[in-house]
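Below is one structure; the comments refer to it alone.
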Amino acid sequence: MFKSIVLPVALLGVAAHAVADEGQWQPHQLPQLKSELKRIGITMPAEKLADLSKHPMSAIVSLGGCSASFVSPDGLVVTNHHCGYGAIQRNSTPEKNYIVDGFLARTRAEELPGGPNSLVYVTEKVENVTERVLKDLGANMSGRERSETISSRIKALIAECESDKAYRCSVPAFHRGLEYYRIRQLMIRDVRLVYAPSDKIGNFGGDIDNYEWPRQTGDYTFLRAYVGKDGRPADPSPDNVPYKSKDFLVVSSEGLKNGDPILLAGYPGRTSRYKLPSEIRFARDVDYPAKVKTITADLDVIAAATKGNAAWDVRYASVAKSLNNVLKKTQGLLDGFARKDIAAIKDVQDAEFRAWYAKNGSASDLLGQLDTVIAADMALSRQEAAYAEATNSDLLKSARTLYRLAQERQKPDAQRESGYQERDLSFIKARLTRLEQSFVTNVDQARWAAALGRYAQIDAKLRPQGLDALLPKADSLDTFYKNTELADTAKRLAWIGKDADAFRKSNDPFIQLAVRLNDAAGKLEDARKDIDGNLDRTIPQYMAAVIAWKKSQGKPVYPDANSTLRVTYGTVAPYSPRDGLVKGPFTTVEGIVEKATDKDPFLVPAALTKAVQEKRYGVFKDPVLNTVPVNFLSSADTTGGNSGSAVMNKRGELVGLNFDSTYESITKDWYFDTAITRAIHVDIRYMLWVMKEVDGADNLLKEMTIKYPKK
C-alpha cells in the first residue's frame, strides 16, 4: 500500500508524543501513553488500566447508550439521572410522579423494575479479529457482495462467542473498517431503580442549561443489577439476587482542585474526527439543518398534542427529553461550525495529507475512488432521511419490525439480517413492550400527519423512488388509527411468531402498509449494502494512509468513538469562550439558590435551599471554595454515550460523573480544540451532600465505600 510504510494489525501502537488530552483510547493502548499519564499526574500504572479483568476497568459498565460503574459489591450502579430517566418515567404516574418528586428505595424490596430496556453490560474480553473478518475478500466483489460477506463473518464470530447465552457479543469496526474487535459482555437483564433525586436536582436547569456553563445539575441516579441465585443473568424475577460485582469503585469525597488530573472511562458513542472536508460540509449544510428543522417541528407537535393532559405528558416525557437533547447538540454543532470553519481547517489538513500521499502512497487512484463513494453515500443518506420522515409513526415502525421479523424467520438463523436473529428477539419484544409507556394514539397520529406534511415538501428528486404512491394522505389517517389493533400491547406482541403470509392477509391498515412499503424499503437497504461495501473497500485503505501520515508527524492515533469501552484523561480546567471572559472550573450550591425561580426548570427543593442557608456542608465543604461544589470542568475528551462515565482521580477513585459538555465544545465530535473543549461533570461531593442533607439516602451512603477527607 505504501512505498516505505507498512502498518501491522496493531497499527504500531500510538504516537510517541500525543497532543494534550485529546483521544478516546482503547484500554490496550494505555501502556503506550505512560509518559502522557505521568505528565498530568496519574499515579495508577498504565498496565493496570489496560487490564479489563482488574480494578478499575472491571467496574466500568455500559447501559447500552450510557455509561455507568459499580460502586458496591452488591451490584449497585451509579449513572446519570438522564440515563435512568426511562426507568424513572416508566414507574411514574400523575399521582406518583417520581420524575418530579424523586424516588428512594430504603430496602432492596422497595427497588422498582427498570423495565425491559434497562440492561447492564459488563465487558469481559476484547480480541482483535480483523484477519477473520477481512481475509481473502475478492477484489472483484461488488459492494453488496463485500458488505454481505463481512456481515456473514461477523455474525459467525458473534454466534461462536455467544455459545454461552449469558453473554452478548459484538464485532464493531475501528478506524472506519481497518480493524475489527470482538467484544464479549455479560448482559444483566434484571435492573432495578434504587434512587433518583427529584428532577429539581437531577435536571435542574433543564433544556435551558443543557450544554451551558455555569451549570448546577445533580445529574445522577442509582440502579442495581440482579441475577439468578446461581449468579448468572436471568430474566426479571422476585427470586433474583443482587449481582456480586467483582470490583467496584471506591468513592472519594476528598475532592479536586484546579489543575488536578482526572481519568474518565466509559462508552462514547460516535465521533467523526477522520472524516473528509466534503463530509463535514454535507453535515453542516444539508444533514444538520434538516435534522434541526425536523426535530423542532416534531417537538412542537408533541407539546401541542399533550398540552393539558398530565398522563400524556408523562408518557412522552422521555421522548421529548431525548429529542430536545439531540436538538440542542445538533444546533450546537451548527453554531460551532459557524464560529470556527472546521471544513476549512480540514481542507488544509487534507491538502497536506494528499501531498504526503503523492510521495509515499501507491499509484492507485485511491483518493479519486474515495471521493466518488463518499458522494454516493451522501446522496443515499438524503433518501434515507426522506424515508424516515415519511414513516415517523411508532405504530408503523412496529408493523414494519414485525413484518420484517416474519420474513427473516423464514431463513436459517445464520442467514437472517442482523437485528432479526433469535438473539435479537428479546430486544424486539422489549421495544414493542416499551411503547406501552411512551405512546398515545392521538399524539402518534399528530406526529405522523405532520411528518407526512414535511415529507411532501422535500424535493421529489431526493425522495425514494416509488414511495409517494404508497403513502396515505394525512387526512386519511383517522382510518388507520381507528382500525388497528397494534396500539394494544398484548395484540402487538401476539404478531411475533406469525408467518409472512398472515401479514399479507391481515386487514390491519398499519400491517397492510408495512407490507406495501416492503419493496421500497428493500431497495433502499440493498443500495445501502452496495455503498457500505464500497466504503468498506476504500475507507480502510484511506485510514491506513492517514494513520501512517499522522505517525510521521508524531500525532495521536486513536479510533473514532464507536460505543466501545474507552479511556480518556485530562485536568480540571477553566476555559475562555471569548475574549475577556474566563469560565470555571467549579460551580457551587450557592449558585443553585441564586439561579432559583418559581418556575420550572429552576425550581429548587425546599430542603436543599434550607441546607444551603444553614450552611450544613459538613465533610463535603471544599476548603478553597468554602462551600459544596456542584459541577466542574475538565479537558477530557468526551462525547454522547459518555453520559454517566466515571470520573476518577489519580488513584482511580470515583470523584464525579460525566454528564455534558460546554456549548462551545460540541464540535469536538469533528475537531478537538484543546483551548475550548471542556467536559462537564457532577462533583461526587454534591451527590453525597444531597444524599445526606436533602434526601436522607443513608442506606446507600453506608453501602458504598467512601473515603472522606483527612481531618
Minimal non-hydrogen separation, Ser92 against Tyr98, with atom names: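 Nearest pair, atom of Ser92 first, then Tyr98: OG-N, 3.0 Å.
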What are the two closest non-hydrogen atoms of Ser665 and Arg678, and how far apart are they?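 So the minimum-distance heavy-atom pair works out to OG-N, 2.7 Å.
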Can you name the side chain to side chain donor-acceptor pair (under 3.5 Å) partners of Asp673, sequence neighbours left out?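 Asp673 satisfies side chain to side chain donor-acceptor pair (under 3.5 Å) with Lys340 only.
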Indicate yes or no for a side-chain donor-acceptor contact from [X] to the backbone of [Y] under 3.5 Å, with no hydrogens or angles considered.
X	Y	value
Asn631	Thr217	yes
Ser245	Ser72	yes
Trp689	Ile684	no
Asn80	Cys83	no
Thr79	Leu223	no

So, applying side chain to side chain contact (heavy atoms under 4.5 Å, CB included) with Gln216, which one of Glu594, Glu590, Lys595 is it?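 Filter result, single survivor: Lys595.
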If you apply the rule side-chain hydrogen bond (donor to acceptor under 3.5 Å, both in side chains), what do you find for Asp335 with Gln331, and how did you get there? CA-CA 6 Å; Asp335 291 345; Gln331 186 59 58; 3.1 Å; yes
Which of these passes ring-ring contact (aromatic ring centres under 6.0 Å, His included) with Tyr220: Phe659, Tyr195, Tyr686?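 It is Tyr195; the other options fail the test.
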Given the side-chain rings of Phe602 and Phe204, with only the six-membered ring counted for Trp, is the space between their centroids under 6.0 Å?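 Ring centres of Phe204 and Phe602 closer than 6.0 Å.
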Are Phe70 and Phe248 near enough that their ring centres are under 6.0 Å apart?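 Phe70 vs Phe248: aromatic centres not under 6.0 Å.
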Nearest 0.5 angstrom please: Lys38 NZ to Lys650 NZ, how far?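 NZ of Lys650 is found 13.5 Å from NZ of Lys38.
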Gap separating the CZ atom of Arg189 from the CG atom of Leu119, nearest 0.5 angstrom: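 Result: 9.0 Å between the selected atoms.
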Given the rule in the side chain to side chain contact (heavy atoms under 4.5 Å, CB included) test, do Ile680 and Thr662 qualify, once you have shown the distances and angles that lead to the verdict? CA-CA 7 Å; Ile680 304 176; Thr662 57; 4.2 Å; yes
Report, as yes or no, whether the 6.0 Å neighbourhood of atom NZ on Lys329 holds more than 12 heavy atoms from other residues, nucleotides or ligands.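 Atom NZ in Lys329 is packed in, count exceeds 12.
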Does the side chain to side chain contact (heavy atoms under 4.5 Å, CB included) test come out yes or no for Leu49 and Leu37, once each step is laid out? CA-CA 11 Å; Leu49 287 168; Leu37 296 173; 4.3 Å; yes
Taking 4.0 angstrom as the limit, do Asp298 and Lys291 come out as a salt bridge?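 No, this pair does not count.
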With side chain to side chain contact (heavy atoms under 4.5 Å, CB included) as the criterion, how do Val77 and Arg192 come out once you've worked through the C-alpha distance, each side chain's angles and the decisive distance to 0.1 Å? CA-CA 10 Å; Val77 171; Arg192 304 180 195 177; over 6 Å; no
